[in-house]
Amino acid sequence: MGFAYDFDWGVLWRQPYGIWLLQGLWLTIKIGFVAWIVAFFLGVLVGTLRVTPWRWLRFISTAYTEIFRNIPFLVQLFFWYYAGPMIFGESLGRQINQIVGLNFYVAILALGLYTASRVAEHMRAGFASISRDQYQAVLSTGMTQYQMYRYVIIPYALRIIIPPLTTEFLTIFKNSSVAMTIGVAELTFMSYRIDAETFHGLEATTGAMVIYLILGLTVVRAMGIIEARFKIPGMIGRE
Amino acid sequence: MFDAVARNITFLLGGFVVTLQLTFFALAGGIALGALVGLGRISKNKWIFQPVTLYVNFIRNMPLILVIFWFYFVMPIIAGRPLNPFLSAVISFIIFEATYFGEIFRAGYQSISKDLTSAAYSTGMTYIQTARYILIPVAFRRMLPSLITQSIVTFQDTSLAFVIGLQEFVRRTSIVDNLEVRSIQLFGFVAIIFFIFCFIASKISRHFEEKGRKLGMI
Amino acid sequence: MIEIKNVNKWFGEFQVLTDINETIERGQTVVICGPSGSGKSTLLRCINGLEPYQKGQILVDGVSLSDPKTNLYKLRENIGMVFQRFELYPHMTALQNITLAPMKVRKLSKDKARKKAMELLQRVGIPDKADSYPANLSGGQQQRVAIARSLAMEPKYMMFDEPTSALDPEMIKEVLDVMIDLAKEGMTMLCVTHEMGFAREVADEIIFMDFGKIVERGTYEGFFKNPKSERAKEFLKQIL
């Protein structure tokens with residue numbers, strides 16, 4: 001063994017490294033939450049458009065989900081970060097590039113747009129699981145198309161898809177780690193940064209793993225409460 | 001319009017070949033290990049079930065990038081010498097993707113009702129015959145769409161080997177972009193290539209799903 | 001002849017079969033009825049060696065099922081079984097469903113197996129469905145294919161586990177007709193069913209089970225017209 005390794009778990013609490021991990025966690029949570037808000041509302045919108053009677057709206061929303069699902073998130077992130085500002089032309093692009101914390105905003109936007117396509121896909125499946133008779137029953141009570149979606153179909157579909165949405169919500173925190181590649185100092189970035197300073201990346205990433213595990217378990221617990229709150233008797237069940 | 005891409009096409013496609021190689025090894029290992037993980041997840045022996053479940057639940061809470069880093073740090077310590085990033089990346093992909101493939105296999109194994117097995121037995125078929133002619137073909141057809149979808153995800157995931165400096169498709173594109181500063185066309189090019197492959201594969205997956213539905217199997 | 005002697009079976013702590021005794025002679029048709037969870041299906045599965053039992057003995061033509069030397073696979077060739085949900089192989093056509101076991105277990109040639117399968121499809125009344133997949137058949141047609149699949153192994157005994165309870169009312173008759181013909185041709189049958197008409201026409205004996213025990217047994221007239229136990233009276237009130 002020419003590579004004897006001296007473990008130094010102290011990097012996990014020795015300052016400033018310990019605080020770095022916590023700062024990273026805080027940023028991970030912020031990105032995840034804000035991106036989720038974008039993803040949820042955009043995803044519900046796009047998913048709903050996929051079942052509307054208007055063909056061109058269906059086409060646009062289908063194209064949206066196909067494009068965002070079939071390109072790696074890393075590539076999307078790089079595209080928005082490096083190429084995004086240039087889309088607005090030379091001078092405006094330069095101004096955008098000078099925004100402080102641009103990488104943070106781009107990370108949220110990219111993650112939100114990407115996750116929205118996944119939410120939309122679940123939404124579509126949710127609509128598909130509602131029977132045709134159900135739609136007709138609603139219309140037969142005299143509601144308009146808009147009222148039907150607004151008051152019955154969308155709330156119904158949303159409750160059906162709570163379990164897969166929980167999984168997506170968990171995934172958004174995990175995917176936020178990709179933002180480190182454009183220099184966003186979230187949790188994974190910080191564990192890597194500790195390695196760069198101390199060469200104790202193994203301890204730092206192990207520490208980060210434990211933090212992600214706690215975060216994940218907390219989210220599952222919280223979503224369990226929400227699921228129970230919105231549960232329709234006999235409708236949704238998690239394995 | 002794609003002048004910067006054209007100037008560097010050999011370099012870029014070389015990166016794409018690395019991406020394909022990564023995908024190949026990740027899938028071969030991930031599916032093989034996943035089939036075992038799936039068996040472990042339906043095992044009645046708690047000494048098998050519990051460790052396997054722990055492994056699956058732990059990894060599924062981890063971001064892939066962190067797993068890649070972790071193996072990048074731990075492999076040299078285990079091996080006692082520096083390892084090349086390709087091998088380290090392949091190992092992390094296999095360990096990571098196997099948990100996702102494992103859950104697909106578990107669902108596939110569990111989708112077979114006890115009575116279907118009994119029906120085959122009651123015609124006098126042996127366990128091997130039942131597995132070969134009924135259980136495996138039926139489970140495989142049920143799992144095929146999910147297996148293809150997860151393979152697409154794996155293909156996309158390999159881009160994350162970027163972070164340990166592996167010169168796959170995205171890394172090389174980013175290297176070219178640093179020199180050429182033609183971000184729109186370069187990252188647009190990568191996006192289009194990935195899109196074409198993934199889109200076709202997802203159509204194939206949907207085809208099998210439809211076929212399965214027509215046979216009343218999904 | 002099937003002899004069931006003092007059979008007891010537990011699922012963990014829970015006793016599903018208690019002191020079951022029954023003899024089924026060749027050519028007889030026995031109908032088993034009783035509320036759900038009374039152990040009827042479990043008993044059928046024990047006779048076929050699909051479920052183990054812990055106490056007692058089951059002999060099929062003198063061969064004990066609990067004897068470790070008994071080749072259960074060989075034994076099952078003689079006992080056909082039809083399930084509530086048909087359990088056809090979904091990836092095979094009706095014809096392939098029927099020919100699989102004769103080809104793989106009996107090593108029949110493909111031509112012979114197909115010829116025989118076609119005869120059986122003719123017999124259950126759906127020769128035109130040979131190349132259809134199960135998903136494209138009605139419930140009644142699927143169940144008739146399932147019966148043909150069992151008959152293809154030329155079993156000495158046939159067991160039916162609620163063969164019509166998953167069917168729409170208009171399809172029940174087409175399956176029962178096949179079963180009645182089979183009974184009249186002399187097949188030895190053991191049927192879990194609540195179909196009274198079927199019982200009246202062909203049952204030599206009716207067994208009523210409750211909580212894992214045989215509570216009452218008799219002929220059609222004896223059981224359906226004059227049940228003795230309270231449980232049987234209650235049960236009959238519900239299904240009539």
Side-chain angles (χ1 to χ4, degrees), chain A residues 1-5 7 28 66-87 93 167 170-171 173-181 186-189 191-192 195 199-206 208-217 219-220 239, chain B residues 19 57-74 76-82 103 106-107 110 149 152-153 155-163 169-170 173-174 177-178 181-188 190-203:
Chain A
M1 291 277 284
F3 219 92
Y5 185 79
F7 283 97
T28 291
E66 292 292 352
I67 288 170
F68 281 86
R69 277 164 53 90
N70 285 315
I71 296 169
F73 176 55
L74 179 70
V75 174
Q76 296 182 28
L77 186 70
F78 280 3
F79 187 87
W80 298 127
Y81 187 60
Y82 295 113
M86 292 190 193
I87 294 171
T167 310
L170 268 173
T171 309
F173 292 109
K174 291 188 274 170
N175 281 341
S176 70
S177 63
V178 179
M180 73 163 289
T181 57
E186 46 67 65
L187 184 51
T188 304
F189 180 94
S191 68
Y192 190 66
D195 176 70
F199 297 106
H200 282 286
L202 180 57
E203 293 90 326
T205 46
T206 305
M209 279 182 165
V210 173
I211 298 176
Y212 274 109
L213 187 66
I214 295 169
L215 177 66
L217 295 177
V219 169
V220 167
E239 286 176 71
Chain B
T19 292
N57 288 343
F58 181 78
I59 293 291
R60 285 176 72 113
N61 269 298
M62 293 304 131
L64 176 53
I65 289 199
L66 193 60
V67 175
I68 294 172
F69 275 135
W70 194 82
F71 276 97
Y72 184 62
F73 292 135
V74 84
I77 298 172
I78 294 172
R81 60 188 167 82
E103 289 303 274
R106 180 185 61 79
Q110 285 179 338
T149 304
I152 298 171
V153 173
F155 176 50
Q156 296 187 7
D157 278 349
T158 59
S159 63
L160 294 179
F162 173 97
V163 295
F169 199 22
V170 182
T173 308
S174 143
D177 187 43
N178 280 337
V181 198
R182 290 282 185 281
S183 303
I184 296 183
Q185 56 164 292
L186 284 165
F187 288 112
V190 189
I192 291 169
I193 298 291
F194 268 110
F195 179 81
I196 292 172
F197 275 78
C198 297
F199 183 73
I200 292 172
S202 75
K203 285 288 170 215

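Each chain gets a letter, A, B and so on, in the order its sequence line appears, and its residues count up from 1.
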A.B. asks: Kindly give the heavy-atom pair with the smallest separation between B/R60 and A/K174, and that separation in Å.
C.D. replies: O-NZ, 2.6 Å
A.B. asks: Highest number of heavy-atom pairs under 4.5 Å with chain A: which of B/R182, B/Q156, B/M62?
C.D. replies: B/Q156
A.B. asks: Nearest 0.5 Å please: distance from the NZ atom of B/K203 over to the CD atom of A/E66.
C.D. replies: 5.0 Å
A.B. asks: Flag the pair A/W80 / B/F187 as yes when at least one side-chain heavy-atom distance between them is below 4.5 Å, and no otherwise.
C.D. replies: no
A.B. asks: Just to verify, which of B/L64, B/I65, B/V67 counts as forming a side chain to side chain contact (heavy atoms under 4.5 Å, CB included) with A/S177?
C.D. replies: B/I65
A.B. asks: Hey, is OH on B/Y72 packed in by over 12 heavy atoms from elsewhere, all under 6.0 Å?
C.D. replies: no
A.B. asks: Chain B heavy atoms under 4.5 Å from A/N175: which part of the residue, side chain, backbone, both or neither?
C.D. replies: neither
A.B. asks: For chain B, which of A/V75, A/L217, A/I87, A/N70 has the most heavy-atom pairs under 4.5 Å?
C.D. replies: A/N70
A.B. asks: What distance separates A/F189 CZ from B/F69 CZ, expressed to the nearest 0.5 Å?
C.D. replies: 9.5 Å
A.B. asks: Would you give the length of the straight line joining atom OG1 of A/T188 to atom CG of B/L66, rounded to the nearest 0.5 angstrom?
C.D. replies: 4.5 Å
A.B. asks: Let me know if B/D177 has heavy atoms under 4.5 Å from chain A in its side chain, its backbone, both or neither.
C.D. replies: side chain
A.B. asks: Just give me the residue among B/V163, B/L160, B/D157 that pairs up with chain A most often, heavy atom to heavy atom, under 4.5 Å.
C.D. replies: B/L160
A.B. asks: To the nearest 0.5 Å, what is the distance between CD1 on A/I71 and CZ on B/F195?
C.D. replies: 6.5 Å
A.B. asks: Pick one of side chain, backbone, both or neither for A/L170, based on which atoms fall under 4.5 Å of a heavy atom in chain B.
C.D. replies: side chain
A.B. asks: Let me know if A/F173 has heavy atoms under 4.5 Å from chain B in its side chain, its backbone, both or neither.
C.D. replies: neither
A.B. asks: Please flag which part of B/S202 lies under 4.5 Å from any non-hydrogen atom of chain A: side chain, backbone, both or neither.
C.D. replies: side chain
A.B. asks: Is the closest side-chain heavy-atom distance between A/Y212 and B/N61 below 4.5 Å?
C.D. replies: no
A.B. asks: Report which part of A/L187 has an atom under 4.5 Å of a heavy atom belonging to chain B: side chain, backbone, both, or neither.
C.D. replies: neither
A.B. asks: For B/F162 and A/F78, take the angle between the two ring planes, folded into 0 to 90°, and tell me which bin it lands in: parallel under 30, tilted 30 to 60, perpendicular over 60.
C.D. replies: perpendicular
A.B. asks: Residues two or more places apart in sequence or in another chain: which of them pass side chain to side chain contact (heavy atoms under 4.5 Å, CB included) with A/A83?
C.D. replies: A/F79, B/S183, B/I184
A.B. asks: Who passes salt bridge (charged side-chain N to carboxylate O under 4.0 Å, His left out) against B/E103, sequence neighbours left out?
C.D. replies: B/R41, B/R106
A.B. asks: So for A/V178, is it side chain, backbone, both, or neither that comes closer than 4.5 Å to the heavy atoms of chain B?
C.D. replies: both
A.B. asks: With a 4.5 angstrom heavy-atom cut-off, could you sort out which part of A/T206 is near chain B: side chain, backbone, both or neither?
C.D. replies: both
